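This structure is a prediction, so every number in the text was calculated from the model and none was measured.
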Amino acid sequence: MEHKKIRVAITQGDTNGIGYEVILKAFEDPMMLDLCTPIIYGSPKVASFHRKTMGLETQFQVINDANDANPDRLNLLAALDDEVKVEFGKPTEASAEAARKAMARAKEDLQKGLFDVLVTAPVQANPNPPREDRALTVIVSNLMRVGLVTTHLSSKEVATALSVEKITDKGTLFHASLRRDFRISSPRIAVLALNPQQGTEEEQIIKPAVEALEQKGIQAFGPYVAEEFFSNGLYDSFDGVLAMSDEQGDLPFKTLSHEYAIKLKAGISVVVVTPDQDPSFAIAGKGEADPLFMRQAIFTAIDMYRHRAEYDAPLGHPLPKLYHEKREDGDKARFAIRAKDQFKTPPEK
């Protein structure tokens, strides 16, 4: 089956970090252009400076409009006109502002449908991150997929932020993402406990949430004590792991995942993927950055776009109802179905 070339937008990230290095290195291999049409949102001058400093030979074409992207070239869209001073290894307001402007231009073009997926290069962590997000953050590696119920909260705040509804909602998003984004037909999800030993949160919040997920037809299991779960390699038996916080999920994830790590948002309409790495200011400009995370983020974004298209295709052309099915569309049939479901025996654990 022949696939169309997917237009991948890539933001430049912090201009004093490793963003341009990992992007340019990722496209050193000309085979990458067979997979996608890349459009970097950034500064041609900054990109040229990074390329020259590190002796990279990756060529790119400068454009001013995403509509002008050449499908057979690495395209660099001039997203900002300002002169940006590059100071490798130094996080500055100017470098952060350059990253924000590139992202703003990419978001504008995303709304216009000028590209298919978005990959964001590393930026410095937001000191005041958003506390609530209806989407689900998922971290992915070659070993596991971990969904995070809460993010950017202290240990004390996590316990008060948890609820049966919240865990159920996040678990439902995770299940849908595993099916649609990763094409796992019947995903098995492990739910982690909050405490090292059985506590109030497990009894009153997490266990009822697992049961609620089961009632929705989702294969959810747990809660499992996090330390035992990861140290015993139980993640091998599941398609996804639902952690109660980023601290609980991120630390063992990075300890065990040696090849690569990427982040994505489940539950939003567009594919947005980020290499799970910081701007690495300590090695910026030295030519030591590994492009594996960036390359894998691009691969994942492309795969997710195709998986969604394959998953959604049958839903766009449903089979017409047969005569006997049309007769059951009345209120009597609907209420009969609801009554039947109301007294349905829950699935055995």
Side-chain angles (χ1 to χ4, degrees), residues 125-141 143-179 184 186-257 261 263-267 276 344-349:
N126 183 355
N128 297 301
R131 290 303 182 97
E132 284 295 330
D133 193 339
R134 291 185 179 179
L136 172 74
T137 298
V138 181
I139 45 179
V140 180
S141 74
L143 289 180
M144 67 186 89
R145 308 171 192 90
V146 179
L148 308 176
V149 174
T150 66
T151 56
H152 309 301
L153 298 179
S154 67
S155 299
K156 293 181 180 179
E157 291 174 311
V158 172
T160 57
L162 293 178
S163 66
V164 176
E165 293 76 18
K166 186 165 194 170
I167 297 173
T168 304
D169 289 345
K170 298 290 187 178
T172 303
L173 285 177
F174 199 16
H175 176 261
S177 177
L178 291 170
R179 295 189 66 198
I184 300 171
S186 185
R188 293 164 52 87
I189 299 174
V191 181
L192 299 184
L194 178 65
N195 303 298
Q197 297 178 343
Q198 194 80 353
T200 303
E201 289 81 11
E202 283 71 28
E203 286 295 334
Q204 298 183 4
I205 299 176
I206 303 177
K207 280 186 177 179
V210 172
E211 293 170 359
L213 289 169
E214 291 174 344
Q215 291 288 342
K216 298 177 75 170
I218 296 172
Q219 295 191 77
F221 305 86
Y224 297 95
V225 174
E227 184 177 354
E228 296 175 0
F229 181 85
F230 288 109
S231 62
N232 293 329
L234 296 180
Y235 52 84
D236 281 337
S237 301
F238 297 93
D239 302 297
V241 181
L242 191 63
M244 296 301 105
S245 68
D246 45 5
E247 182 180 0
Q248 184 187 59
D250 203 39
L251 183 60
F253 174 90
K254 288 183 176 177
T255 302
L256 294 166
S257 302
K263 282 186 177 180
L264 58 94
K265 288 285 189 181
D276 190 14
K344 185 167 61 176
T345 303
E348 294 184 2
K349 295 183 180 178

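Here OG1 of T200 is found 8.5 Å from CD1 of I205. Values are rounded to the nearest 0.5 Å. Taken from NZ in K265 to CG in L173, the straight-line distance is 11.0 Å, to the nearest 0.5 Å. To the nearest 0.5 Å, atom CD1 of residue I167 and atom OG1 of residue T172 are 11.5 Å apart. Going from atom OG of S245 over to atom CG of L148 covers 7.5 Å, rounded to the nearest 0.5 Å. Interatomic distance, E203 CD to N195 CG, rounded to the nearest 0.5 Å: 11.0 Å. Expressed to the nearest 0.5 Å, how far CD1 of I139 lies from CG of L264 amounts to 10.0 Å.
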Where do M244 and I206 land on the side chain to side chain contact (heavy atoms under 4.5 Å, CB included) test, with the steps shown first?
CA-CA 9 Å; M244 296 301 105; I206 303 177; 4.0 Å; yes

Under the side chain to side chain contact (heavy atoms under 4.5 Å, CB included) rule, what do V138 and V146 come out as? Steps first, then yes or no, please.
CA-CA 5 Å; V138 181; V146 179; over 6 Å; no

CA sep, side-chain torsions, deciding dist, call: Q197, V225, side chain to side chain contact (heavy atoms under 4.5 Å, CB included)
CA-CA 7 Å; Q197 297 178 343; V225 174; over 6 Å; no

Dump the intermediate steps for side chain to side chain contact (heavy atoms under 4.5 Å, CB included) on V158 and E247, then the final yes or no.
CA-CA 10 Å; V158 172; E247 182 180 0; over 6 Å; no

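The two atoms that bring T137 and K263 nearest to each other are CG2-CD, 4.4 Å, heavy atoms only. Of all heavy-atom pairs spanning S141 and F253, the tightest one is CB-CZ, 3.4 Å. G171 approaches I218 most closely through the heavy-atom pair O-CD1, 4.5 Å. Listed here is the closest heavy atom pair of H152 and D246: N-OD2, 2.9 Å. Taking every heavy atom of both residues into account, A220 and V210 meet most closely at O-CG1, 3.7 Å. Heavy-atom minimum distance, A135 versus K170: O-NZ, 2.6 Å.
Residues L192 and F230 are in side-chain contact: their nearest non-hydrogen atoms beyond the backbone lie under 4.5 Å apart. A 4.5 Å side-chain heavy-atom check between R145 and I184 finds at least one atom pair inside the cut-off. Counting heavy atoms from C-beta outward, H175 and L213 have side chains that stay 4.5 Å or more apart. Annotation: side chain of V241 is in contact with side chain of F229 (closest heavy-atom distance under 4.5 Å). Residues M144 and D236 fail the side-chain proximity criterion, which asks for heavy atoms closer than 4.5 Å. Side-chain contact between Q198 and K207: present, with at least one pair of heavy atoms (C-beta onward) separated by less than 4.5 Å. Side chains of T150 and E157 form no contact here, defined as non-hydrogen atoms less than 4.5 Å apart.
Applying the side-chain contact (heavy atoms from CB on, under 4.5 Å) test to A193 and every residue at least two apart in sequence or in another chain returns E202, P223. Annotation: side-chain contact (heavy atoms from CB on, under 4.5 Å) contacts of R188 (sequence neighbours excluded): Q219, F221, F238, D239. Residues meeting the side-chain contact (heavy atoms from CB on, under 4.5 Å) test with S163, sequence neighbours left out: E165, K166.
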